[in-house]
Amino acid sequence: QQQVKQSPQSLIVQKGGISIINCAYENTAFDYFPWYQQFPGKGPALLIAIRPDVSEKKEGRFTISFNKSAKQFSLHIMDSQPGDSATYFCAASISSATNKLIFGTGTLLAVQP
Amino acid sequence: GAVVSQHPSRVICKSGTSVKIECRSLDFQATTMFWYRQFPKKSLMLMATSNEGSKATYEQGVEKDKFLINHASLTLSTLTVTSAHPEDSSFYICSAWDLGGYTFGSGTRLTVV
């Protein structure tokens, strides 16, 4: 019940296209759903996060769509750029200073010029 | 935003020696910090939760005597890999929670030769 399932494992998108990564969770107590971007040799960096009281959140080219009833959430990257090529992780937690973050398995995104 | 500083970024050590990795919260106090291990092209695996002033909580399968965690202040947690062996070579990342969410350090690449 603690798992977060992420798909696809890898994704190739043309420059200017839309990248879509999906995640699903089981634990209905989760109330914090962040997405992280990680470049090789670096720590994950927070891209955008959402809480279950909203169905969508947009920050620049990045949008999270959240479906509470289906227990799914997704990241959409609009106008994908070669600089977006990285590994993306979804995650979930019960937000608190002491609660751990449960990570998805990651998606390697390659944006072709 | 919150900043977590991790040091060193890279370390090479001889088999049998110990290595200490530091994780500092620069602009906030962190009663809890998290230590992760990441294998190439894999997701982050939580090793332990570090609690200020008390013993760390280790995840199942993580050897507490090999991976010593000390959280002596509200801004510093350390991970010591004791009697390191080549199989301990990995990317280690720390994280802490503040009001903006979980912030990650930049990671430490440990190579044991």
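Proteins come first, then strands; the chains are lettered A, B, ... in the order of their sequence lines, and each starts at number 1.
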Residue part contacting chain A, namely of B:E59, when any heavy atom lies under 4.5 Å: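 For B:E59, the contact with chain A is made by the side chain alone.
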Engaged part of B:K41 at the chain A interface, taking heavy atoms whose separation is under 4.5 Å: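 Contact with chain A: none, neither part.
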Is there a path of hydrophobic side-chain contacts, each under 4.5 Å between heavy atoms of I, L, V, M, F, W or Y residues, that connects [X] with [Y]?
{"X": "A:Y36", "Y": "B:F34", "answer": "yes"}
{"X": "A:L11", "Y": "A:V111", "answer": "yes"}
{"X": "B:W35", "Y": "B:W97", "answer": "no"}
{"X": "A:I102", "Y": "B:M45", "answer": "no"}

Options A:T87, A:L46, A:L101, ranked by heavy-atom pairs under 4.5 Å with chain B, top entry: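 Of the candidates given, the most pairs with chain B belong to A:L101.
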Top of A:P34, A:A49, A:G41 for chain B proximity - count of heavy-atom pairs under 4.5 angstrom: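 Winner by heavy-atom pair count: A:G41.
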Top of B:L46, B:I93, B:L44 for chain A proximity - count of heavy-atom pairs under 4.5 angstrom: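 It is B:L44.
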When B:S43, B:A30, B:C94, B:G107 are compared by non-hydrogen pairs under 4.5 Å with chain A, the top option: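 When all of B:S43, B:A30, B:C94, B:G107 are compared, B:S43 has the most.
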B:F91 side, atom CZ; A:Q38 side, atom CD - distance, nearest 0.5 Å: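 B:F91 CZ to A:Q38 CD: 6.0 Å, rounded to 0.5 Å.
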Straight-line distance of A:F103 CZ to B:Q38 CD, nearest 0.5 Å: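 It comes to 8.5 Å.
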Segment of A:P44 engaging chain B (4.5 angstrom heavy-atom cut-off):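 For A:P44, heavy atoms of backbone and side chain both lie under 4.5 Å from chain B.
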Aromatic plane relationship, A:Y32 with B:Y102 - under 30° parallel, 30 to 60° tilted, over 60° perpendicular: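 Correct class here is tilted.
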Is the [atom1] atom of [X] crowded by more than 12 outside heavy atoms at less than 6.0 Å?
{"X": "B:R10", "atom1": "CZ", "result": "no"}
{"X": "B:K20", "atom1": "NZ", "result": "no"}
{"X": "B:E87", "atom1": "CD", "result": "yes"}
{"X": "B:H7", "atom1": "NE2", "result": "no"}

Donor-acceptor contact below 3.5 Å, side chain B:S106 vs main chain A:K42: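 Side chain of B:S106 to backbone of A:K42: no pair is present.
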